[in-house]
There are 2 protein chains.
Amino acid sequence: MSRENLNTRSRILKAALDLLEASQGKGVRMTDIAKRAGITRQALYLHFSTRGELLIEVTYYLDEIKGSEERLLPSRTAQTGIERLDAYIDAWGTYIPEIYGVAKALLAMRDTDEAAAQAWDDRMQDMREGCQAAISALNRDKMLSSDHSPDQATDILWTMLSVRNWEQLTIGCNWSQEKYIATLKSLARCIFVVDAT
Amino acid sequence: MSRENLNTRSRILKAALDLLEASQGKGVRMTDIAKRAGITRQALYLHFSTRGELLIEVTYYLDEIKGSEERLLPSRTAQTGIERLDAYIDAWGTYIPEIYGVAKALLAMRDTDEAAAQAWDDRMQDMREGCQAAISALNRDKMLSSDHSPDQATDILWTMLSVRNWEQLTIGCNWSQEKYIATLKSLARCIFVVDAT
DNA sequence: CTTTTGCTTGACACTGTGTCAATTGACATT
DNA sequence: AATGTCAATTGACACAGTGTCAAGCAAAAG
């Protein structure tokens with residue numbers, strides 16, 4: 001419980017994070033994490049009860065490191081709905097590649113580990129709130145296309161911005177990160193913003 | 001090699017398919033498949049060398065059963081680009097829920113099994129060709145929005161129509177199949193079709 | 001100088017995949 | 001009726017990875 005304990009815990013989290021980032025989430029075993037943290041595999045279980053729990057804790061550690069909170073500030077301070085939508089796509093779209101390794105590992109556990117599934121869904125629910133806020137701002141400005149209700153628009157934006165879609169476009173279709181961001185902004189405008197011709 | 005052999009093989013494929021469909025691809029073990037096919041687990045390996053290979057063969061079996069070829073005919077015989085785009089979204093969008101169980105299982109293996117990854121990617125490449133054909137038809141009719149090159153439009157349509165997106169919208173957001181199809185058609189029109197006001 | 005704490009060591013259970021050798025039972029050949 | 005072939009069975013085992021447990025050790029804390 002003392003300082004030493006916390007240090008080891010952090011070392012484990014850092015080790016796990018490093019490995020997950022390096023390998024894009026694939027094939028990171030408890031043994032690997034322990035080795036990198038400089039302890040035995042068994043000792044991992046003195047700090048985290050399962051691999052799933054460790055992975056979940058890594059996501060919180062990651063948020064801490066990368067400052068996920070502050071990133072969304074510009075989107076919250078944006079004036080118009082359109083600015084807010086753009087800012088949100090910028091913020092989230094830039095965040096994805098930084099969390100991709102951990103996200104991939106968690107997504108892979110989603111099907112087998114109930115707790116991991118819950119943890120991932122929680123995070124995605126948070127992300128969804130960002131989408132909803134952007135859509136609401138657009139709606140408030142009377143700039144939301146009449147083709148979609150706010151709820152439906154949120155569903156669509158949320159899906160557009162999924163990690164899987166980022167993966168498919170950047171890794172699968174070889175889009176640059178810049179192209180990804182620019183195109184998603186353009187798509188969002190085309191889909192959600194009422195045409196002011 | 002005789003009739004009996006083929007029958008067992010088919011029985012295995014059917015057993016696997018039934019289980020994958022019933023469980024949406026989750027937690028189907030070799031033992032389960034064998035039991036349902038009425039043979040021993042070890043006997044599975046007399047017909048398929050690995051679980052991955054079995055899964056891949058199930059996809060071909062599935063195509064056979066569901067007639068994936070014929071489904072795309074209406075899209076190929078469509079006159080205008082817009083009709084073709086609509087027909088393709090209809091055909092593919094209707095196909096997804098039927099293959100979802102198998103797709104999910106194959107997707108889950110993608111990260112660990114090289115052959116499974118290749119098999120899945122091949123199928124998605126085929127699907128991509130359908131997207132490309134639709135976009136080309138649109139382009140031929142001078143109806144493709146100038147916002148996107150044909151290649152980029154293909155990337156976007158391909159991503160929009162991914163199994164993961166279908167999953168997120170129908171299962172995750174509780175959209176009905178009809179809403180899914182209708183909304184994707186509407187989105188595709190909004191994104192790809194030049195505005196003829 | 002004893003207790004507590006954090007970790008190590010080595011062993012083991014469990015699940016699921018994949019392999020192997022020996023055997024059985026049915027069917028076909030001659 | 002004897003022989004061979006072939007699919008499948010039986011039972012055993014290897015391997016990877018997760019998770020557990022008991023005993024011990026070394027350094028810090030009291």
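Hydrogens, waters and symmetry mates are skipped; everything else that's a heavy atom, side chains included, is used. All chains are named by letter (A, B, ...) in the order of the sequence lines, taking the proteins before the strands, and each is independently numbered beginning at 1.
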Heavy-atom neighbours of A/K185 NZ exceed 12 at 6.0 Å: yes
Length of the CD1-P vector between B/I12 and D/dA7, whole Å: 12 Å
Which whole-number value in Å describes the distance from B/R11 CZ to D/dA7 C1'? 11 Å
Going by number, which of residues 25-32 of chain B have a non-hydrogen atom under 4.0 Å from DNA chain C? B/R29, B/M30
Write down the distance between CG (A/L55) and C1' (D/dT18), rounded to a whole number of angstrom. 13 Å
Can B/Y61 be reached from B/L46 by stepping across I, L, V, M, F, W or Y side chains whose heavy atoms are under 4.5 Å apart? no
Specify the separation, in whole Å, of atom CG of A/L54 and atom P of D/dG17. 16 Å
Side chain of B/Q42, heavy atoms from C-beta onward: which of C/dG18, D/dG19, D/dA12 has the nearest atom to it? D/dA12
When rounded to whole Å, the CG to C1' distance for the pair B/N7 and D/dA8 reads 14 Å
Ignoring backbone atoms, establish whether A/T40 has a side-chain N or O less than 4.0 Å from OP1 or OP2 of C/dC7. no
Does any non-hydrogen side-chain atom of A/T154 lie less than 4.5 Å from one of A/H148? no
For the pair made of CD1 in B/I39 and C1' in D/dT9, what is the distance, rounded to whole Å? 11 Å
Between A/Y180 and A/W166, what is the ring plane arrangement, given parallel below 30°, perpendicular above 60°, and tilted in between? perpendicular
Using the closest heavy atom to pick a nucleotide of DNA chain D for each, name whichever of B/R41 or B/G38 lands nearer the 5' end. B/G38
Kindly say whether B/G81 contributes a backbone atom to a donor-acceptor pair with the side chain of B/D141 at under 3.5 angstrom? yes
For the residue pair B/I65 and B/E98, establish whether any side-chain heavy-atom pair is separated by less than 4.5 Å. no
Heavy atom of residues 102-121 of chain B under 4.0 Å from DNA chain C: which residues? none
Between A/H47 and C/dC7, is there a side-chain N or O to OP1/OP2 distance below 4.0 Å? yes
Check the pair A/R123, A/T59 against side-chain hydrogen bond (donor to acceptor under 3.5 Å, both in side chains), reporting the backbone distance first and the verdict last. CA-CA 9 Å; A/R123 312 305 274 238; A/T59 67; 3.2 Å; yes
Out of D/dT18, C/dG18, D/dT10, which nucleotide sits closest to the side chain of B/Y45? C/dG18
Closest to side chain of A/T8, choosing from C/dT8, D/dG19, C/dC7: C/dC7
Please check if atom CD in B/Q79 has more than 12 non-hydrogen atoms from other residues, nucleotides or ligands closer than 6.0 Å. no
What is the distance, rounded to the nearest whole Å, between atom CD of A/E53 and atom P of D/dT18? 15 Å
Starting from P on C/dT17, measure out to CD1 on B/I33 and report it in whole angstrom. 8 Å
Inter-residue atom distance A/D113.CG - A/Q118.CD, 0.5 Å rounding: 11.0 Å
